[in-house]
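Some notes on the structure that comes next.
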Amino acid sequence: MNNSFKYRAVNALIMNIPIALSISLTAQLLAIHTVIPQLLGINFLIAYVISFIVGVTVPAVKWGISFALACKTKPDTLPFGLCINVIVNLVYVLINCLILSYFNICILEKAPLIAYFIGMATTFIPIYIVGYIVSFLWNRPAEKITKSICGE
């Protein structure tokens, strides 16, 4: 695992494209049961920026590795990767859901704060599941692209 800022930044830029899109789309479908392209675009951009900031500032991968090791999984195995992703995805999805839910429910819709908590309670798990699947499937291709760009 490379810890240079350049590597983390490039990886975050690549990794977060499908993740930001999938969690934004899932949230919109859960909330309003349709796709409004402009709203999806706004939410994607916000999620992408949030995810980039998280990717370069929060040591989620380090936490995920610690969790995977605590679960007694062996590095470079499927169970190890699945365990890492439990924590990494939790960090990304939790931060995105907290911010995007507030933005959409309280700011755009001008709904009361209780609606924010209800929205979080009803959408977090499905968004987590979608984020988990997408991030797990996209991780290796994103790592390969990052390594080729960074020359590492």
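Nothing here was measured: the structure is a model prediction, and the numbers come from that model.
- Note that CD1 of I125 and SG of C97 are 11.0 Å apart. Values are rounded to the nearest 0.5 Å.
- Inter-residue side-chain proximity for Y132 and V93 is flagged as unmet; no heavy-atom pair is nearer than 4.5 Å.
- A continuous path of Ile, Leu, Val, Met, Phe, Trp and Tyr side chains, each step under 4.5 Å between heavy atoms, connects I107 with I95, placing both in one hydrophobic cluster.
- Tested against I42, the residues I46, L40, L45 include a single side-chain contact (heavy atoms from CB on, under 4.5 Å) partner, I46.
- Across Q28 and I36, no two heavy atoms sit closer than the pair OE1-N, 2.6 Å.
- Panel note: side chain N11, backbone Y7; no donor-acceptor pair is recorded below 3.5 Å.
- Checking side-chain atoms of N16 against main-chain N and O of Y48 turns up no donor-acceptor pair under 3.5 Å.
- A distance-only check finds a donor-acceptor pair linking the side chain of Y128 to the backbone of V86 [under 3.5 Å].
- For the pair N96 (side chain) and Y92 (backbone), a donor-acceptor distance under 3.5 Å is present.
- Residues V88 and N139 fail the side-chain proximity criterion, which asks for heavy atoms closer than 4.5 Å.
- The CH2 atom of W138 sits 11.0 Å away from atom CD of E143, with the distance rounded to the nearest 0.5 Å.
- Here the side chain of Y116 pairs no donor or acceptor atom with the backbone of F103 at under 3.5 angstrom.
- Taking every heavy atom of both residues into account, S135 and M15 meet most closely at O-CE, 3.1 Å.
- Atom CG of L78 is separated from atom CZ of F136 by 4.5 Å, given to the nearest 0.5 angstrom.
- Atom OG1 of T146 sits about 11.0 Å away from atom NZ of K6, to the nearest 0.5 Å.
- Here CZ of F52 is found 11.5 Å from CD1 of I14. Values are rounded to the nearest 0.5 Å.
- For the residue pair S24/N43, the side-chain donor-acceptor check at 3.5 Å is not satisfied.
- Of the listed residues (V134, I127, I17, I133), just one forms a side-chain contact (heavy atoms from CB on, under 4.5 Å) with S22, and that residue is V134.
- The two residues I87 and A60 have their closest heavy-atom pair at CG2-O, 4.2 Å.
- There is no path of hydrophobic side-chain contacts, each under 4.5 Å, that joins L94 to I118.
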Problem set entry | Step-by-step side chain to side chain contact (heavy atoms under 4.5 Å, CB included) determination, Y102 to L98 | CA-CA 6 Å; Y102 186 81; L98 287 168; over 6 Å; no

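- Contact between P141 and L137 at its shortest, heavy atoms only, is CD-O, 3.5 Å.
- Annotation: the span from L30 atom CG to T122 atom OG1 amounts to 7.5 Å, rounded to 0.5 Å.
- Across all their heavy atoms, T73 and A68 have their closest contact at OG1-O, 2.7 Å.
- Remark: F124 CZ is packed, more than 12 non-hydrogen atoms of other residues, nucleotides or ligands lying under 6.0 Å away.
- The two residues V10 and I149 come nearest to each other via the heavy atoms CG1-CG2, 4.0 Å.
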